[in-house]
Amino acid sequence: MTDEQLKTEVEAWLAANWRGTATHKESFGRDPRAEWLAKVRDAGWAVPRWPSDFYGRGLADEQARIVERAFAAVGAPGAGQDRSNLWANTALAHATPAFRREIVPQLLAGEVGMCLLYSEPGAGSDLAAIRTRADKVDGGWRVSGQKVWTSGAQIADYGMLIARTDWDVPKHRGISFFFLPMKQPGVEVRPLRQITDEAHFNEVFIDNAFVPEDNLLGPLNGGWGVLQTALAYERSVMGDAARGPRSGAAGPKGDHALIGLAREAGKLDDPVIRQQLAQTIAWRVLNRLNTQRAKAELQQGTSSSIMSLGKLAMSRILHEEARVRTLLLGVESLLEGAEHPRAEDANFLTLNAYFTSIGGGTDQIQRNIIGERVLGLPKEPEVDRTIPFREVRAG
Amino acid sequence: MTDEQLKTEVEAWLAANWRGTATHKESFGRDPRAEWLAKVRDAGWAVPRWPSDFYGRGLADEQARIVERAFAAVGAPGAGQDRSNLWANTALAHATPAFRREIVPQLLAGEVGMCLLYSEPGAGSDLAAIRTRADKVDGGWRVSGQKVWTSGAQIADYGMLIARTDWDVPKHRGISFFFLPMKQPGVEVRPLRQITDEAHFNEVFIDNAFVPEDNLLGPLNGGWGVLQTALAYERSVMGDAARGPRSGAAGPKGDHALIGLAREAGKLDDPVIRQQLAQTIAWRVLNRLNTQRAKAELQQGTSSSIMSLGKLAMSRILHEEARVRTLLLGVESLLEGAEHPRAEDANFLTLNAYFTSIGGGTDQIQRNIIGERVLGLPKEPEVDRTIPFREVRAG
Amino acid sequence: MAGLTADERAALLDSLRRLLADRCAESDVRRIMASETGHDAALWRALADLGVVGLTVPEQHGGAGLGAIELELVMEAAGAALLPAPLLSTAIAAALLDGERLAALAGGYSIAAVAFAGRDDWTGRGDVRRDGAGLAGTARFVPDAAIADTILVTLDDAVFAVAREDAEIVPLPVFDRTRRLADVAFRGPATLIGDGTRIAAARDIALIGLAGEQAGGARRILDMTVDYARERHQFGRAIGSFQAIKHMAADLLLEAESATSAARDAARQVAEDTPARAESVALAAFACADAFVRCAKDGIQMHGGIAFTWEHPAHLYLRRARSAAQLYGDSDHWRERYVRALEVEA
Amino acid sequence: MAGLTADERAALLDSLRRLLADRCAESDVRRIMASETGHDAALWRALADLGVVGLTVPEQHGGAGLGAIELELVMEAAGAALLPAPLLSTAIAAALLDGERLAALAGGYSIAAVAFAGRDDWTGRGDVRRDGAGLAGTARFVPDAAIADTILVTLDDAVFAVAREDAEIVPLPVFDRTRRLADVAFRGPATLIGDGTRIAAARDIALIGLAGEQAGGARRILDMTVDYARERHQFGRAIGSFQAIKHMAADLLLEAESATSAARDAARQVAEDTPARAESVALAAFACADAFVRCAKDGIQMHGGIAFTWEHPAHLYLRRARSAAQLYGDSDHWRERYVRALEVEA
């Protein structure tokens with residue numbers, strides 16, 4: 001099929017099926033979004049890079065992008081999940097054939113809620129130090145342990161779980177990867193109050209919960225490898241995941257938000273402020289230019305070392321933007337609450353910046369990754385890499 | 001002896017002996033400075049804290065300071081060498097009785113030139129990785145190897161040398177400490193050109209040079225411990241050792257030099273410059289306040305954690321002062337040479353700041369020391385601490 | 001003003017630290033934060049009984065008769081514990097007041113809040129002005145005003161006292177709930193209690209006290225962070241053994257120690273009224289503010305995820321650091337003032 | 001202006017890099033640095049033969065007819081090698097000249113230096129003014145003037161050409177001996193060769209070329225530092241395995257990549273003459289200057305003692321970074337201009 005033919009086909013399909021919204025109750029049934037997504041899936045547009053005998057069309061990347069652009073042009077969701085759907089891609093790559101057949105179509109239609117069960121109180125930066133255990137029983141495993149930093153756990157049907165299945169081998173080699181059914185006794189979800197006084201995350205306490213044999217992804221004790229592919233998805237989007245101000249209504253948006261805020265504060269003429277505005281805005285713009293260049297280089301087939309810098313760059317951007325906001329507000333930044341949206345924003349952004357500089361691998365871990373994987377600097381000697389996990393000091 | 005009696009005695013002695021200069025040829029003989037220092041030594045003022053049977057008076061620290069203050073009041077050198085004379089203190093603590101009797105009086109009179117033979121091209125931050133060898137022969141050792149960053153080597157009579165005397169034990173345990181006679185065949189000194197285009201340092205090439213048995217300090221293979229006490233002297237003065245501008249004539253001095261320079265450059269009214277002046281001057285003043293507080297706390301017997309911060313602080317001060325000087329000069333900083341003393345200073349200080357941030361242990365090593373010795377954070381795992389030095393990868 | 005020997009000073013601070021450990025632990029701070037007024041009258045009584053409330057009140061008025069040097073040290077301890085109490089307001093008020101009002105202050109029976117409203121003060125704090133014999137306008141962001149019985153107002157050349165019932169006090173919702181602020185609107189009645197001669201001294205007391213609080217806070221959050229870095233293990237090692245953490249800690253130690261030196265030096269220059277007084281106070285103002293913010297910020301980063309939780313105390317220090325950095329002028333303001341003081345000398 | 005395909009562009013850069021590796025190695029740079037003029041005529045000839053001297057000269061005048069995008073890439077390679085040659089001056093001159101002068105330029109037979117002397121330019125560069133039909137005053141810090149046969153001078157609304165013999169050219173002693181500067185005094189004779197319409201474009205070429213040079217220099221000194229950190233062993237490990245070094249390298253990579261992105265983006269905006277032109281050129285000016293200085297500075301620190309020696313090339317990069325950071329206005333200047341450009345949009 002030529003590019004032109006493909007373009008015609010997808011546009012025709014959209015013209016015939018898309019009604020301008022996937023959540024409007026009148027045009028669809030009980031769960032209109034899922035219904036739409038199922039339709040996209042069944043038409044082969046959800047994951048066009050996948051094999052044609054499994055929801056896809058076997059398209060090359062360049063043609064798949066034609067599909068995505070056509071969906072984007074009309075504002076329709078659901079295409080390009082072969083690039084963006086963490087859950088479906090992980091299941092495709094690692095689930096047993098039976099479980100894959102069961103779960104993947106549901107994931108593509110957004111019919112099952114998912115959450116991540118990776119981090120533990122004693123295993124944050126060092127994920128391989130997890131102590132949640134999965135012990136073999138008839139027909140599956142019994143899981144016990146505690147997970148943290150889980151978002152969406154209350155409404156999740158499954159959690160992507162790493163748990164230790166062998167304690168007598170080095171830490172990376174005794175971990176397995178599961179889809180844990182969340183709606184069962186033995187799985188308790190408690191909201192975790194953040195420093196921003198929100199609760200986007202949860203602690204999950206798992207006490208003798210059951211996971212069926214078929215829900216093991218990848219080989220038994222081979223969960224570390226599965227985890228790495230799953231983490232790669234997350235990291236690549238982390239640079240974009242940072243939230244803006246909590247208050248919807250406070251001040252202008254985009255790169256120039258700080259300029260507008262400075263003008264409102266009557267400080268746009270202050271030369272000291274102007275220098276800091278320039279530098280802070282520059283960092284955000286430079287990060288966008290880096291990302292554009294990385295994408296262009298990837299498309300040209302040149303491998304790009306830039307992609308991995310985004311999350312680290314975003315950390316600095318968020319912390320510095322919050323600092324400059326505070327500088328602009330001055331004493332007004334001491335306030336909080338809905339009546340003081342600019343102060344609310346400055347304080348929220350100050351605290352929420354840690355979501356990026358700590359979450360998903362701290363800046364320090366990120367610098368290790370850049371130094372080692374991008375620049376080729378040697379790893380540190382790892383004291384716990386070769387000894388049985390039982391003997392490792394953790395927590 | 002009461003404080004008052006001591007004060008009277010030292011003042012009377014100075015009144016009787018000090019002629020206002022120790023280098024004026026008319027008042028003294030061939031080497032007037034050495035002659036004066038010998039006189040100070042023989043009167044017991046050079047090292048009053050030392051035992052009274054070895055050039056000292058067995059004074060407590062507080063009384064010794066009375067002596068130092070009396071010398072300082074008239075501008076006479078030579079007192080307080082029990083605190084400042086690296087060579088004499090090292091010899092007193094570690095030399096054999098015979099060698100000590102021979103060398104210490106000469107060191108106190110400044111009659112012998114000294115240099116340090118520690119660093120090697122392959123052993124900078126990691127001094128214990130030295131590869132200069134000292135092999136046992138009749139009556140002493142034969143030394144071969146290469147040393148760098150040696151100042152004063154051309155005029156030195158002895159070098160304080162660390163060399164490897166056992167290659168089959170871990171690296172710290174096979175090192176010995178010597179006073180190497182420098183004026184012998186087999187010791188070649190070559191000036192080392194620095195980035196500042198000066199040559200304050202040398203490389204020393206040692207080829208089968210001889211060091212007599214009596215010149216071993218401390219136990220054979222126990223040189224690492226001797227080195228540690230010697231290094232402690234150096235580090236404690238490093239914060240003060242930084243040089244000022246090379247040009248003597250360019251601009252005002254002291255904390256306020258930058259203010260004067262800004263005024264000369266017509267930039268003292270620039271609010272952006274003023275912020276940077278404030279911060280840079282503040283760092284220098286804060287370091288001085290820290291040092292004052294550390295000394296006060298030491299005198300009160302409180303142990304102070306501040307002393308070790310001076311060198312790290314001075315690094316930042318020197319780099320930042322050079323940066324601000326450049327900012328003040330603008331395009332004028334592109335020049336060099338005697339006709340452009342302000343530019344010469346800015347450029348020299350920019351480069352020479354590395355003398356402090358690299359020399360005597362890099363900032364990075366200094367942060368390790370502060371983290372470990374002051375804050376009590378654990379050391380890193382050391383991969384080469386326990387294996388025979390022959391097997392260590394170095395250089 | 002009687003000085004203390006080093007031993008007496010140590011004993012006073014020791015008692016204070018014990019009291020704070022006992023009555024101002026993290027759980028107490030959180031309880032007081034959550035309360036409506038942010039004030040614990042019983043804790044205030046205990047502080048008064050210990051003598052720190054009237055620390056700088058002359059002995060003839062029932063105080064300890066001490067000065068800036070001791071106040072700074074006391075504020076270091078208070079800052080380390082995040083003490084939510086009007087200690088600094090009281091010390092500032094003591095520098096402005098006379099006679100019986102001082103005795104009530106020293107005894108802990110009267111609480112006075114202070115609004116600096118002169119032209120030479122940090123900007124953006126309202127529009128208070130004379131109105132006949134009294135005052136009009138609003139003073140903004142006044143610490144401790146909501147629990148005070150008296151509001152003291154300094155203009156350029158006058159100090160007024162306003163009784164609580166003669167002002168309209170509007171408590172503000174604050175990000176740092178350990179330090180309550182209020183807007184105070186004046187409706188006329190006010191008593192002129194002094195010309196401007198004491199204002200500079202009161203302002204110095206405010207800055208030195210705040211600097212001490214910041215230095216103490218910086219050092220405490222650093223100590224907590226270092227303790228955690230020694231205990232927390234990842235990759236089979238204490239995280240403090242990694243250079244990333246260790247080197248950040250070393251840099252923070254330099255900041256915290258420098259803040260302490262600056263605050264103590266400013267207190268000494270003020271106590272001895274040296275020519276370096278203005279310079280050293282300005283230096284302490286920005287050096288301590290920046291050090292505290294940085295130690296609190298980096299402290300959270302070094303803790304990792306645990307400090308991203310509300311339950312962990314690290315963010316309380318960041319909140320306090322942010323309020324302290326704005327309370328009496330921000331660091332840019334004081335850097336500018338510092339250069340102004342240096343220009344005079346250079 | 002004919003564009004190049006990606007392959008043609010890669011081939012050109014490849015040839016240039018091979019030429020530089022061959023004829024502009026560190027030893028060549030040091031030889032040229034030590035020479036009186038700082039210019040290597042044979043190397044210049046080779047660059048002309050390769051087509052990079054006339055890169056932006058239209059094809060009808062014997063040049064390659066390329067634009068800002070290719071110039072920026074060429075300057076990255078030149079900056080990486082610390083090329084001491086009047087490549088940037090030539091590109092700026094090409095943007096100001098017409099006709100035969102262009103052909104001589106493209107062929108490498110004529111060298112023209114450019115003095116920006118308008119009011120809107122960076123400050124402190126002399127006092128050139130019209131004097132009858134000619135010019136008077138002195139232009140300061142003019143790159144490559146001592147080897148030029150022609151000095152081009154831009155005022156606010158006019159471009160003049162001055163023959164070498166009609167000016168007094170005083171070479172300056174410079175800290176970065178890979179980039180020679182001179183003061184140029186005018187004594188009257190000067191030829192008006194254009195109104196002001198081309199000056200803005202020439203200024204953008206200057207800034208884009210310099211930004212490319214800085215980005216290339218930053219990346220090269222970083223690569224050298226990373227190579228050293230992989231090879232150098234201390235404490236039984238490559239020093240690059242220590243977080244202190246590794247994390248500095250990661251931060252520098254972000255700086256160097258950002259500089260490259262900024263320089264390339266500015267070239268594209270100028271080539272396409274978009275509304276973001278002024279903004280993106282200002283951004284590149286300070287982002288690239290700061291990145292190069294930081295990479296060179298930290299690069300020395302990360303090398304340790306070896307880079308404190310004259311024989312090690314690291315300081316040559318720092319010298320170049322310092323000259324580049326001042327040549328056409330410093331970073332504070334361009335940050336101010338950046339905000340001015342953003343204000344218009346916001």
Side-chain angles (χ1 to χ4, degrees), chain A residues 119 121-126 128-129 148-149 171 192-199 201 270 272-273 315 319 323 326-327 329-340 343-344 346-347 350-351 353-355 357-359 362-365 367-368 380 382-385 387 391-395, chain C residues 122-126 140-141 143 172-177 179-181 231-239 241-245 247-248 293 296-298 300-316 318-319 322-333 335-336:
Chain A
S119 296
S125 293
D126 180 15
V148 285
W149 303 117
K171 61 179 187 171
L192 187 66
R193 197 173 169 197
Q194 301 155 221
I195 49 178
T196 52
D197 205 0
E198 301 169 300
F201 298 102
D270 179 336
V272 177
I273 297 281
S315 261
H319 281 289
R323 191 185 64 75
T326 304
L327 190 68
L329 293 183
V331 72
E332 188 189 328
S333 69
L334 300 189
L335 303 178
E336 69 172 5
E339 284 176 52
H340 306 283
E344 184 81 351
N347 288 314
T350 296
L351 297 176
Y354 293 102
F355 176 78
S357 66
I358 292 176
T362 63
D363 285 357
Q364 286 66 41
I365 294 289
R367 290 193 182 93
N368 275 351
E380 287 196 273
E382 289 170 274
V383 297
D384 61 345
R385 187 144 196 119
I387 55 175
E391 296 166 21
V392 171
R393 174 144 184 215
Chain C
W122 32 94
T123 51
R125 306 304 173 81
R140 303 213 57 203
F141 305 104
L172 295 167
V174 283
F175 180 66
D176 168 20
R177 295 186 59 78
R179 188 190 331 266
R180 300 300 173 89
L181 306 170
E231 290 310 314
R232 169 77 169 176
H233 279 63
Q234 294 280 275
F235 306 102
R237 299 160 50 179
I239 61 169
S241 73
F242 289 100
Q243 288 185 335
I245 299 297
H247 290 194
M248 284 172 91
V293 169
K297 283 209 68 171
D298 287 1
I300 292 179
Q301 182 67 28
M302 292 160 74
H303 272 87
I306 186 89
F308 197 64
T309 64
W310 184 266
E311 279 63 34
H312 194 277
H315 72 104
L316 304 183
L318 180 57
R319 286 165 190 265
R322 284 171 67 79
S323 82
Q326 298 288 346
L327 195 61
Y328 296 130
D330 69 12
S331 288
D332 283 2
H333 171 91
R335 271 187 287 268
E336 171 57 35

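Note: hydrogens, waters and symmetry copies are ignored here, and every other heavy atom, side chains too, is used. All chains are named by letter (A, B, ...) in the order of the sequence lines, taking the proteins before the strands, and each is independently numbered beginning at 1. As the structure is a computational prediction, the values presented were derived from the model and not from experiment.
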Checklist entry - Can you list the steps and then say if C/Phe175 with A/Thr350 is a side chain to side chain contact (heavy atoms under 4.5 Å, CB included)? => result CA-CA 12 Å; C/Phe175 180 66; A/Thr350 296; 5.8 Å; no
Item to check | Steps toward side chain to side chain contact (heavy atoms under 4.5 Å, CB included) verdict (A/Gln364, C/Met248) | outcome: CA-CA 11 Å; A/Gln364 286 66 41; C/Met248 284 172 91; 3.8 Å; yes
Item to check | Derivation of the side chain to side chain contact (heavy atoms under 4.5 Å, CB included) call for C/His233 and A/Asp126 | outcome: CA-CA 9 Å; C/His233 279 63; A/Asp126 180 15; over 6 Å; no
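Proximity to chain C is absent for every atom of A/Asn368, based on heavy atoms less than 4.5 angstrom apart. Interface remark: A/Leu335 contributes backbone and side-chain atoms alike to the contact with chain C (heavy atom separation under 4.5 Å). Using a 4.5 Å cut-off between heavy atoms, A/Leu329 does not touch chain C at all. The part of A/His340 that comes within reach of chain C is its side chain, from C-beta onward, which places non-hydrogen atoms under 4.5 angstrom from that chain.
In terms of heavy atoms, C/Thr309 sits closest to A/Trp149 at CG2-CH2, 3.7 Å.
Ion pair A/Glu382/C/Arg237 not flagged as a salt bridge, since none of the NZ, NE, NH1 or NH2 atoms sits closer than 4.0 Å to an Asp/Glu carboxylate oxygen.
Using bins of under 30°, 30° to 60° and over 60° for the plane-to-plane angle, the ring pair C/Phe308/A/Phe355 lands in the tilted bin.
Of the possible polar contacts, one joining the A/Tyr354 side chain to the C/Lys297 backbone as a donor-acceptor pair under 3.5 Å is found.
Taking CD from A/Glu332 and CD from C/Gln326, the interatomic distance works out to 10.5 Å, rounded to the nearest 0.5 Å. C/Arg322 CZ to A/Ser333 OG: the interatomic distance, rounded to the nearest 0.5 Å, is 5.5 Å.
Between A/Leu334 and C/Leu172 there is no side-chain heavy-atom pair separated by less than 4.5 Å. Between A/Glu380 and C/Phe235, the closest side-chain pair of non-hydrogen atoms is not below 4.5 Å.
Contacts of C/Arg232 classified as side chain to side chain contact (heavy atoms under 4.5 Å, CB included), with partners at least two apart in sequence or in another chain: C/Tyr228, C/Gln234, C/Ile239.
Counted by atom type alone, C/Gln301 and A/Thr362 present zero donor-acceptor pairs between their side chains at under 3.5 Å.
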